[in-house]
Chemist: 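This is the structure, below, for whatever I ask next.
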Amino acid sequence: MAEQDILAICAFCPAPCRSALGEVHGATTETRQPSALALVARSALGGRMPVTADILARLGDLDTVRTCQSACSYGLDIAAALEAVRPRLEAMIDAR
Ligand code: SF4
C-alpha cells in the first residue's frame, strides 16, 4: 500500500490506539498521536498548509507513533509512512 493511502486511513481513523495506550505513552497528546501527524502530513503534501521547520520537527517526533503501532487496529506502520514522505516534505519547506 502506498504511503499516501496509509496516511489517509490513519488521518481519518477514530484512533482506537489512543484509548488503548493512554496518557502513559503520550498517546492522548494530540500533537504526538499518529492520526494527528498523518493528517498534518497529508495536508502539507497536498499544499493545504505550509511546510515549516516547526511542522517538520513535529512530524519527526515519532516515539508515540511507534508505540501506537502495537495497538493499531489495521496493523499499519505509520512511523514508516511518515518517514517515507519526509524527503518530499523537506523539499517543500517554506523558508519565510
Ligand atoms: S495508528 Fe492505527 S489505530 Fe491508531 S489512528 Fe492510526 S490507523 Fe488508527
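For ligands, and for the atoms within them, numbers begin at 1 and follow the listed sequence.
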Chemist: Run the contact test for P16 against ligand 1 with a 4.0 Å cut-off on heavy atoms, strictly below, and give the result.
Modeler: yes
Chemist: Enumerate the atoms of ligand 1 whose separation from the nearest heavy atom of P34 is less than 4.0 angstrom.
Modeler: 1 (S)
Chemist: May I ask you to say whether R88 pairs ionically with E3, meaning some side-chain N is under 4.0 Å from a carboxylate O?
Modeler: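 Salt bridge between R88 and E3, a charged N being under 4.0 Å from a carboxylate O: no.
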Chemist: Any N/O/S atom of C13 sitting less than 2.8 Å from atom 8 (Fe) of ligand 1, backbone or side chain?
Modeler: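 Here the distance criterion (N, O or S atom, under 2.8 Å) is met by C13, so yes.
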Chemist: Nearest 0.5 Å please: distance from the CD1 atom of I93 over to the CG atom of L56.
Modeler: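 It is 4.5 Å, given to the nearest 0.5 Å.
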Chemist: Check the pair V51, L45 against side-chain contact (heavy atoms from CB on, under 4.5 Å), reporting the backbone distance first and the verdict last.
Modeler: CA-CA 8 Å; V51 181; L45 286 167; over 6 Å; no
Chemist: Tell me yes or no: between the side chains of Q69 and T67, is some donor less than 3.5 Å from an acceptor?
Modeler: no
Chemist: Find all atoms of ligand 1 within a distance of less than 4.0 Å from any non-hydrogen atom belonging to A15, and give their numbers and elements.
Modeler: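 Answer for ligand 1: 5 (S).
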Chemist: Show the atoms of ligand 1 that are less than 4.0 angstrom away from any heavy atom in Y74.
Modeler: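 With Y74 as reference, the close atoms of ligand 1 come out as 7 (S).
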Chemist: If every non-hydrogen atom of A41 is compared with every non-hydrogen atom of L7, which pair is closest and at what distance?
Modeler: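 It is CB-CD1, 4.2 Å.
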Chemist: According to a hydrophobic-cluster definition based on side-chain heavy atoms being under 4.5 Å apart (Ile, Leu, Val, Met, Phe, Trp, Tyr only), do L89 and M49 belong together?
Modeler: yes
Chemist: Do you see an N/O/S atom of C10, backbone or side chain, under 2.8 Å from atom 4 (Fe) of ligand 1?
Modeler: no
Chemist: May I ask you to identify the nearest protein heavy atom to atom 2 (Fe) of ligand 1, giving residue, atom name and distance to one decimal place in Å?
Modeler: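 For this ligand atom, the closest protein heavy atom is C72 SG, 2.3 Å.
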Chemist: Name the closest protein heavy atom to atom 4 (Fe) of ligand 1, giving the residue it belongs to and the distance to 0.1 Å.
Modeler: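 Protein heavy atom with the smallest distance to atom 4 (Fe) of ligand 1: C17 SG, 2.3 Å.
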Chemist: Counting each atom of ligand 1 from 1 as listed, which ones have a heavy atom of S73 under 4.0 Å away?
Modeler: 3 (S)
Chemist: Counting distance only, does the side-chain N/O of R48 pair as donor-acceptor with the main-chain N or O of R42 below 3.5 Å?
Modeler: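 At least one qualifying donor-acceptor pair exists.
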